[in-house]
Amino acid sequence: MNVALFLPCYVDQLAPDVAWATLRVLERAGCQVDYDPDQGCCGQPFLNRGALREARALASRHLRCFAGAAAVVSPSSSCVATVRRRFGELGVSGAHESGPRTFELSEFLVRVLGKTQLGARFPYRVAMLQSCHGLRELGLGTPSERAGGELAPSPLESLLRAVEDLALVSVERPDECCGFGGAFSVTHPTLSARIGRARLRAMADAGAQYVTGTDASCLLHLDGIRRREGFGPRAIHLAEILANGASVPELAS
Amino acid sequence: MSERDDILARVRQGAPRRTRHPGLHPPPALPGGWDVFAAALAGVGGEAHGPYSPHALGGALKELVRRRAEGGRAVAEPSAAELAGRGPWETAREPATAHAFADVGVALVKGCAAAADCAAVAVTESDAPHRALPFLCQRLVLLLPVSLLAPDLHRAWALVPAAAARGHHVTWISGPSKTADIEQVLVYGAHGPLGLDVVGIAD
Amino acid sequence: MTTSFDQRALATLPSRGELAQHDAAVWNLRLRRDAAAAEVPDWEALRERAAALKAFTLDHLDELLIGFEEKARAAGAHVHWATDATALCRIVTELLSARGARRVVKSKSMLTEECGLNPHLEARGIEVIDTDLGERIVQLAEEKPSHLIVPAIHKTRREIGALFHRHMGTPEGEDDPERLTRFARADLRRRFLAADAGISGVNFAVAETGSIVIVSNEGNVDLGTSLPTLHIACLGIEKLVPALADLPVFLRLLARSATGQPISAYTSVLTGPRAGGELHIVLVDNGRSALLSNETQRGALACIRCGACLNTCPVYRRAGGHAYGSVIPGPIGSVLGPALGGAAGAELPHASTLCGSCSAVCPVKIDLHGQLLAWRGERYRPPPAERLLSLGAALALRWPVLRGLARAALRLLWPLLARRHSRNPAEAWLAARELPPLPKHSFRAQWKQRERGRE
């Protein structure tokens with residue numbers, strides 16, 4: 001299957017390993033992956049601040065860039081949520097047509113390709129970070145607020161449970177926000193840190209060695225706190241766990 | 001144009017009449033019954049008794065009121081007094097100012113409908129003509145014919161007679177008065193009664 | 001880029017202990033809501049129904065208001081209309097003065113708080129006693145409520161004990177919640193019995209019958225409105241519901257969402273005045289009709305003031321209600337802020353991570369986080385520095401050439417950005433976090449290199 005890779009700007013600039021891992025995982029799952037280096041930004045940071053003119057311009061450019069793709073996949077649930085849920089509100093032409101073709105990585109693997117087993121091994125205790133956009137905007141799993149009905153496991157959880165020797169730890173308040181919130185992380189740094197610290201503490205209390213999830217932005221924020229405070233699980237993106245295959249990453253200090 | 005007309009004109013601009021009334025909510029599938037009601041009542045700090053047959057009711061009530069009144073004054077609203085018969089309580093007379101009930105230990109009032117899942121009992125104006133009485137008393141005793149107990153609030157709502165529903169008041173009472181405003185510690189008897197007993201009356 | 005909300009959060013919950021205590025106490029209410037909702041087999045369907053009922057109400061609000069007024073008057077109540085806070089205060093003052101009422105008992109009404117009624121009356125020599133225990137506590141402390149349902153959640157028993165000792169003569173050092181409540185019970189009972197008038201809020205106003213519905217756990221609403229002969233009920237115009245039979249939908253959602261109880265201890269449906277009494281209903285606009293015309297924001301008028309969004313909000317729990325500087329804190333306060341919340345209200349939509357938990361718990365399904373995002377676009381007025389940065393960044397992201405330049409600049413500046421300094425634009429990030437190391441090349445550059453290698 002042909003897939004166009006859609007990378008958040010911060011993954012491109014700050015976490016290229018996540019991009020390479022995403023590429024490898026998609027190829028291992030049997031996809032032909034195309035990457036257009038001219039792609040820009042979906043416009044989320046601008047939309048998040050209310051800069052609608054810039055957001056619209058970037059959204060139009062994004063749609064033009066990915067116009068021909070049969071499926072667009074991104075290692076970021078918040079970027080995908082912006083395309084699927086917010087482009088329409090921005091009134092950008094072609095928004096509704098591109099929406100359903102854009103998927104977050106775990107969602108694509110499990111719900112589109114029907115694959116959970118990718119031959120990965122990761123012998124550590126891992127906490128899941130259920131990113132808010134993925135959970136509540138894209139429906140990647142059942143949020144804890146929902147009453148009644150079974151709690152369907154998220155694609156993230158399904159994939160992690162299929163990883164050899166990986167022990168998923170259960171954390172209190174499993175889907176509480178990590179406190180990143182985009183611009184919020186720098187406009188409200190005290191609160192952003194308070195919320196993030198609390199998540200790290202809960203994961204540490206649950207015995208997690210690693211924290212993983214679908215959004216590198218949340219993970220960078222938590223890992224930044226970990227490196228400052230000196231406690232808490234190390235962050236690693238889902239794609240990096242799945243891409244490891246038989247190799248084991250070093251637990252560098 | 002009056003203030004009223006100004007407000008309505010502005011509201012009219014923002015009220016485009018696009019949606020339809022969604023209709024009545026279908027009642028949920030809940031078991032109901034006296035045991036469910038009693039458990040729910042206990043959960044909100046009240047206590048259920050009986051149900052008693054009409055013969056046994058009088059004796060049970062006398063015992064309960066003696067226990068709850070602790071030597072204080074007991075007053076029954078007329079429709080409750082009719083059910084309860086004679087006992088260590090006076091019947092509330094007309095006319096009486098609300099303040100005349102400030103020293104009441106136990107009040108007896110009849111309920112006209114109840115919902116089992118939330119232990120709420122409806123008290124209407126005709127059964128509680130002295131509106132302040134169920135709130136001024138130290139302990140409240142509600143009399144409830146079990147035939148008026150519905151599994152849920154929707155069905156209980158429909159049991160309140162239409163005329164009563166348009167009377168001055170219908171108050172749904174679930175448990176005694178309570179508060180948790182001080183460090184979230186639950187305390188019964190904030191301003192209203194310290195305790196609530198619901199006495200069931202079998203057919 | 002630090003905003004004053006963040007600073008106020010630090011001032012409201014300054015120590016780790018206070019922060020942890022506030023967060024835990026409020027989260028506890030969210031857990032109780034979860035447990036209560038789990039016991040309602042049709043919970044999600046009920047939310048849908050409630051949302052639809054409120055949508056219908058708002059769409060037909062003028063008709064319903066006229067219907068309500070007609071039925072209320074037919075039942076013997078007086079109905080007044082107040083355009084704004086000033087009008088409400090004027091109407092209430094006139095009603096009280098005309099009857100020589102000088103001692104008033106009041107039950108919870110965020111609307112009267114919004115309109116500044118208490119200070120207005122007190123300035124005219126009218127004593128107003130808030131009778132909800134939590135409201136009474138903050139009244140004695142001369143503070144604003146910090147939570148919709150538990151107004152004194154920020155106060156410890158020791159602080160409350162000291163307050164009661166000073167104002168009610170409780171023994172010094174007494175801080176047992178039950179004993180303190182008993183003292184308040186006795187004190188407020190005297191006031192109920194001596195009051196000339198009772199003022200209350202209204203939870204729901206029924207158009208079909210002209211009834212007002214008021215709920216409480218303490219019984220203070222009923223005492224305050226059945227003992228004095230004059231009852232003044234104040235409500236925002238959005239508080240209508242179409243018919244009596246619609247009430248169970250809201251009642252089954254309200255208390256469970258607020259505190260996890262199946263229903264409030266007392267739910268009173270009042271139609272017309274009681275025998276020998278007077279009922280005056282005041283319908284208040286104060287910006288609501290304008291909000292109704294705002295297509296994106298009018299959904300906020302469906303709010304039934306349960307407080308569930310506060311309890312689940314990671315920001316509210318770690319900032320505290322007083323950080324908001326508005327009458328109503330939390331997500332709904334932030335949604336109403338730009339329309340009804342004055343100067344402090346304008347920046348509240350940015351005090352959120354947009355996690356969406358609020359929308360997921362709202363019993364009437366208000367798209368709270370969606371509305372916060374919409375306000376940011378509607379009221380976009382950034383400082384010039386941010387405007388420039390935003391334009392520059394957008395350009396760089398659209399033009400590959402500029403992107404390359406920006407990357408080169410980032411490579412040069414990164415070591416400086418990682419160092420803590422008050423002039424460092426990255427200081428807000430660095431206050432509590434390390435910057436990640438900057439990889440030598442972006443993915444884009446690595447990809448291009450790989451492609452060149454393959455050719």
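Chain letters run A, B, ... following the sequence lines, proteins first, then strands; residues in each count from 1.
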Options A:Asp223, A:Leu52, A:Asp175, A:Asn48, ranked by heavy-atom pairs under 4.5 Å with chain C, top entry: A:Asn48
Selection from C:Leu438, C:Leu354, C:Leu391, C:Leu410 maximising heavy-atom pairs under 4.5 Å formed with chain A: C:Leu391
Top contributor to chain A interface from C:Arg381, C:Arg33, C:His441 [non-hydrogen pairs under 4.5 Å]: C:Arg33
C:Trp447 six-ring centre to C:Arg444 NZ/CZ under 6.0 Å and within 45° of normal: no
Structural part of A:Leu7 lying under 4.5 Å from a heavy atom of chain C: side chain
Proximity breakdown for A:Tyr35 and chain C, heavy-atom pairs closer than 4.5 Å: both
Contact winner vs chain C - A:Arg85, A:Glu89, A:Arg86, heavy-atom pairs under 4.5 Å: A:Arg86
Donor-acceptor contact present, side-chain A:Asp12 to main-chain C:Phe443, <3.5 Å: yes
Largest heavy-atom contact set with chain C, pairs under 4.5 Å, which of A:Cys177, A:Pro37, A:Ala55: A:Pro37
Aromatic ring proximity, centroids under 6.0 angstrom, C:His350 and C:Phe5: no
Side-chain (C:Thr312) to main-chain (C:Arg30) donor-acceptor, under 3.5 angstrom: no
Euclidean distance, A:Thr190 OG1 relative to C:Leu13 CG, rounded to 0.5 Å: 11.5 Å
Proximal component of C:Gln446, with respect to chain A [non-hydrogen, under 4.5 Å]: both
Top contributor to chain C contacts, counting heavy-atom pairs under 4.5 Å, from A:Ser144, A:Ala51, A:Gly40: A:Ala51
Portion of C:Trp43 that has a non-hydrogen atom of chain A nearer than 4.5 angstrom: side chain
Aromatic ring proximity C:His22/C:Tyr316, centre distance under 6.0 Å: yes
Check: C:Trp27 side chain, C:Asn311 main-chain N or O, donor-acceptor pair, under 3.5 Å: no
Structural part of A:Glu176 lying under 4.5 Å from a heavy atom of chain C: side chain
Max heavy-atom pair count under 4.5 Å with chain A, selected residue of C:Arg450, C:Arg379, C:Arg47: C:Arg450
Interface moiety of A:Leu23 toward chain C, non-hydrogen atoms closer than 4.5 Å: side chain
Spacing of A:Leu200 atom CG and A:Asp205 atom CG [to the nearest 0.5 Å]: 10.5 Å
Charged N-O contact under 4.0 Å between A:Glu107 and A:Arg84: yes
Flag, side chain of A:Thr212 to backbone of A:Leu238, donor-acceptor distance under 3.5 Å: yes
Best-contacting candidate, A:Arg173, A:Arg197, A:Glu54, against chain C by heavy atom pairs under 4.5 angstrom: A:Arg173
Residue part contacting chain A, namely of C:Ala393, when any heavy atom lies under 4.5 Å: both
When C:Ser352, C:Ala431, C:Ala445, C:Gly356 are compared by non-hydrogen pairs under 4.5 Å with chain A, the top option: C:Ser352
Option in C:Ser390, C:Ala38, C:Ala37, C:Ala9 with maximal non-hydrogen atom pairs under 4.5 Å from chain A: C:Ser390
Contact summary for A:Cys9 and A:Cys41, nearest pair of heavy atoms: SG-SG, 3.6 Å
Any donor-acceptor N or O pair under 3.5 Å, side chains C:Arg8, C:Ser4: yes
Option that, when pairs with chain A are counted at under 4.5 Å, heavy atom only, ranks first among C:Ala374, C:Ala351, C:Ser357, C:Pro436: C:Ser357
Atom group of A:Glu137 that falls short of 4.5 Å from chain C, counting heavy atoms: side chain
Under 4.5 Å from a heavy atom of chain A, the part of C:Leu19 involved: side chain
Electrostatic pair C:Arg256-C:Glu39, nearest N-O below 4.0 angstrom: no
Residue A:Arg61 versus chain C: region with a heavy atom under 4.5 Å: side chain
Parallel, tilted or perpendicular: rings of A:Phe184 and A:His188 (30°, 60°): parallel
Per-residue contact mode, C:Asp23 against chain A (heavy atom under 4.5 angstrom): both
Region of A:Arg227 that comes under 4.5 Å of a non-hydrogen atom in chain C: both
